[in-house]
Amino acid sequence: MAQIAQVLVDVPTMQTNRPYSYQIPTAWQSQVQPGMRVVVPFGRGKRRVQGLVLTCDDVTTFDGDLKAIDAVVDLAPVLNQEGLQLSAWLAQTTFAFQITCAQTMLPAVMRAKYEKILRPTAQTSTAVQTEIFQGQLEVNYDQLATTPQAVSRLLRLQAAGEVDVYYQVKNQARRKTVLGIQSTLSAADLDTELAAVRKGAAKQVALLKGLQTLNGEVITQKDFHQRFDVSEAVIRTGEQKGWLTRPAIEVYRDPYATADIQPTKPLHLNDEQQVAVDQIVAAVDQPATTTFLLEGVTGSGKTEVYLQSIAAALAQGKTALMLVPEISLTPQMVKRVKGRFGKAVAVLHSGLSSGEKYDEWRRIQRHEAQVVVGARSAVFAPLENIGLIIMDEEHESSYKQDDAPRYHARQVALWRSQYHHCPVVLGSATPSLESRARAEKGVYQRLVLADRVNQRPLPKVSIIDMKNELQKHAESNFSQALLVALQDRLDRHEQSVLMLNRRGYSSFVLCRDCGFVLKCPNCDISLTLHMDTHTMKCHYCGHEEAIPRICPNCHSHKIRYYGTGTEKVEEELRDLLPDARIIRMDNDTTRKKGAHAKLLTQFGSGEADILIGTQMIAKGLDFPNVTLVGVLNADTALGLPDFRASERTFQLLTQVSGRAGRAEKTGHVYIQTFNPDHYAIRFAQHHDYEGFFKYEMRMRHQGGYPPYYFTVQITASDLDEAIAAKRMYQLLQWLKPRLSSQTVILGPTPKPIARVNRRYYYQIVIKYKQEPQLTATLSTLLQETQAQQRQGLQIAIDVEPLHFM
DNA sequence: AGCACGCCGACT
DNA sequence: GTCGGCGTGCTC
């Protein structure tokens, strides 16, 4: 019987990033298991924290008095062996604390909430009773300790034994229950009672007959009411008579309970799709793990390949995981999967409430769901016996998490596929260079869907040189050609989609007299004008202030709004095409929950002629009546100091082009740009992924960038710019002798946006091909910069960062 | 993180 | 003399 547990405590710091040994109280020795959450005392005071049991055994290397586990939170482990191993691997590869990794893998409600509470003791004087407790049995510490004086007073009272501190560790996870109905009568008793009921008591008869029908089964009161038409009052009478009990029945919060989901049948596959499905399915029960790269243009039927492969995995008694970018996890998408697999599907995405996420998670853990569809973090879904992992739109940068643990869902998917010996399918119309290059080398197996399912030609793409436009016409967001095309669609009652590349293209205010630009007081960037709230906002720290009427610098009245946000584009378009009905979709109009879906439904049902939006409209939407797609500014991303700028531009343009003409009508795409000859734009015009891949690989080779090199980014930030810079140079000196001579170190450089939230950022990028000691070196680095973290210097390591600014 | 311990300056 | 300021080290 295990007496000692190795516990990971919920204290995310470098020093506590290791297991601590705790005594398991005798009464719980058969109960406590690895993967369960516990409450343990930690530290010299009375602090109590949540912990995660890693192992249970009889020995410890710690030679001191062990403390005992205070409480066991779970009845069953929340992480199984796979989960525990995965959290350890994740911590190691992303340089994050293991407890942080474990928390990331679990539903947010499982994170403990802490409360510090004061209670009176036997020695508490009446003065303190009235002053502090005011008749209460306990009071919240934080509510009293608002000033330094109050804190020291409480500290003294505690030392004098007048008050007792107590740490409450709260589990936020709540199950939802409803009242149920359970008969307490045997079949014979029921007959007796039925015979005894007074004549004319029709409802009581109905109740008893209902209980008879149940035959001992428990159902919810609501269902009972619906099936037997017996009101709650009658049921309560029955309860008083001792005929039944009303136990609390656990129910799942189902986000799609009210959705109208029609069953869908597998579609007929074309030859290419059939080949893909056959290859994937053949790999499901192979002991070796195969990673497929499924390349298919928009409309080539990738989703059907996924669904039929999943069906085959389920038929073998296995489970399946399907990852989708957050933005394409639309209700239509969910309906399609649920329509095929029904109740076996669990959905996980950020739009769910924390309770809904918790319930979906438990359905998966209890093997009630065998198919999981979800965004990035769904890659941690507690599925067992996985037969297939699918990652759609594998090039999407939203698969990488921006803060700790900085993991890429693709890496996690590959790790889990090794664990389960199952295949992974990476699907995309425009695979990331990394994945496509691996397919080239034979690491991944390439599957290609070159034909569109209905043999429809890809849309014609026209490139409009905005340099010429500017010379011919006054400054406008719309070229003549695009306007003519828009008017033409209006006349034909067809719809258009206009995309504005948002990055670096928002409205700001500028003084025409002195050139002053209103900037954020905390960050290094100009404030953005928001007409909806009539304020200036900082997109990085959330700072907000009033729109200036006069220039704060020279007091001139000639302060004007510049730049082009979606709002301004909409305004201009309303001027140019007054008859057009326009829907705008951007961060402002979609902030409210469900607003995104609502706007899309409106557009889909023909309530508008033109949809204007940012990148978010490029993905996943499929409206048959859209025959025109316009990209207003194709090249704003191209100017960014990031080697992936071309790749992103190409992917975005290809993706948005796919929105045109998906049904009976062929589409036309207009791309407005100041760089009409840029290769990313030219290859996108001809829908030529292969051409782009080859060209871009040459560029990456010349520049020494991924996939030819691996990269690691180290960022340091401090409130004091000089300290951040100085530490970075010290770090560089420390690092240099520890890396091989082929490895390139870029920087330190201030980040392009050097100051965010009053902190100054500096970065180093390491580019390497072979560096076996790198992980160990970086771990040491983190360990050694510990003391400085205390002084306010923050150091972050990002392995294979997606953004270099 | 959060707490105790310890070492210094300005007060009842 | 002591209260309380913060720097330092530790948490099974």
Side-chain angles (χ1 to χ4, degrees), chain A residues 2-26 28-29 32 34 36-73 84 91 95-104 111-118 140-170 403-405 718-720 723 782-796:
Chain A
Q3 300 165 48
I4 294 169
Q6 300 296 329
V7 176
L8 218 47
V9 292
D10 179 19
V11 183
T13 64
M14 207 73 232
Q15 299 101 302
T16 52
N17 187 29
R18 62 194 174 81
Y20 288 84
S21 305
Y22 284 88
Q23 188 78 41
I24 306 173
T26 328
W28 298 338
Q29 286 187 356
V32 176
M36 282 182 177
R37 291 171 301 156
V38 289
V39 176
V40 291
F42 192 68
R44 275 174 285 195
K46 294 185 178 180
R47 189 178 177 199
R48 304 188 324 139
V49 296
Q50 193 176 77
L52 179 70
V53 178
L54 291 182
T55 56
C56 295
D57 46 59
D58 304 305
V59 288
T60 176
T61 49
F62 180 70
D63 57 346
D65 288 339
L66 293 186
K67 289 184 181 175
I69 290 174
D70 254 8
V72 184
V73 180
L84 292 173
F95 302 95
F97 311 121
Q98 195 180 347
I99 191 68
T100 311
C101 294
Q103 282 169 341
T104 305
R111 206 167 284 205
K113 273 262 193 301
Y114 299 102
E115 204 177 344
K116 198 173 166 184
I117 285 169
L118 296 179
N140 185 299
Y141 175 89
D142 290 325
Q143 276 166 20
L144 288 178
T146 45
T147 61
Q149 294 90 323
V151 171
S152 63
R153 167 123 177 79
L154 291 175
L155 231 56
R156 262 176 288 133
L157 287 173
Q158 192 197 334
E162 290 237 40
V163 297
D164 199 17
V165 277
Y166 178 77
Y167 285 83
Q168 195 152 40
V169 182
K170 283 189 183 164
D403 36 47
D718 198 282
L719 291 171
D720 183 339
I723 290 178
L782 275 186
Q783 218 81 47
E784 300 209 343
T785 48
Q786 248 321 283
Q788 293 164 14
Q789 302 244 5
R790 267 293 254 286
Q791 268 111 56
L793 179 86
Q794 284 174 12
I795 290 183

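FYI, side chains are in, hydrogens and waters are out, and symmetry mates aren't considered; it's all heavy atoms of this structure.
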#### Entry: From CG (A:D58) to CD (A:Q29), nearest 0.5 Å
8.5 Å
### Message
Under 4.0 Å, counting only non-hydrogen atoms across every strand here, what does A:P41 touch: a base, just sugar-phosphate, or nothing?
### Response
sugar-phosphate
### Task
Measure the distance from CG on A:L155 to P on B:dC5 and round it to the nearest whole Å.
11 Å
#### Entry: Donor-acceptor contact present, side-chain A:K116 to main-chain A:R47, <3.5 Å
no
### Query
Would you say A:Y114's side chain and A:R48's backbone share a donor-acceptor pair under 3.5 angstrom?
no
### DNA chain C: 5'-proximal contact among A:R790 and A:R156 (nearest heavy atom)
A:R156
### Pairs involving residues 140-160 of chain A, ordered by first then second residue, that meet ring pair (Phe, Tyr, Trp, His ring centres under 6.0 Å) (sequence neighbours left out)
none
Would you give me the side-chain donor-acceptor pairs under 3.5 Å for residues 97-104 of chain A, sequence neighbours excluded?
| unit_1 | atom_1 | unit_2 | atom_2 | d |
| --- | --- | --- | --- | --- |
| A:Q98 | NE2 | A:S87 | OG | 3.1 |
| A:Q103 | NE2 | A:D10 | OD1 | 3.0 |
| A:T104 | OG1 | A:T100 | O | 2.7 |

#### Entry: Nucleotide-resolved protein contact map, nucleotides 6-12 of chain B, B/S/- at heavy-atom distance under 4.0 Å
-------
#### Entry: Residues within residues 59-69 of chain A bordering DNA chain C, heavy-atom distance below 4.0 Å
A:F62, A:D65, A:L66, A:K67
## Note on the structure
Minimal heavy-atom distance between A:P34 and A:L54, with the atoms involved, is CB-O, 3.2 Å
#### Entry: Span of DNA chain C in contact with chain A (heavy atoms, under 4.0 Å)
C:dG4 to C:dC12
### Query
Can you tell me how far C1' of B:dA4 sits from CZ of A:R47, to the nearest Å?
13 Å
### Message
Listing request: all salt bridge (charged side-chain N to carboxylate O under 4.0 Å, His left out) pairs with a residue in residues 148-160 of chain A, at least two apart in sequence or in separate chains.
### Response
A:E131-A:R153
### Query
Roughly how far, to the nearest 0.5 Å, is the NZ atom of A:K113 from the NZ atom of A:K170?
9.5 Å
### Query
Taking the side chain from A:Y166 and the backbone from A:K46, do they hold a donor-acceptor pair closer than 3.5 Å?
no
#### Entry: Sugar-phosphate, base or nothing in reach of A:Q6, heavy atoms under 4.0 Å
nothing
### Task
Assign A:Y22 to base, sugar-phosphate, or nothing according to its heavy-atom contacts below 4.0 angstrom with the strands shown.
sugar-phosphate
### Task
Would you mind reading off the distance between A:K46 atom NZ and B:dG2 atom C1', rounded to a whole angstrom?
16 Å
### Query
Is there a donor-acceptor pair under 3.5 Å between the side chain of A:T16 and the backbone N or O of A:V11?
yes
### Query
Just checking A:R18: base, sugar-phosphate only, or nothing, at a heavy-atom cut-off of under 4.0 Å?
base
### Query
For the atom pair CD (A:Q789) and CD (A:Q791), what is the distance rounded to the nearest 0.5 Å?
10.5 Å
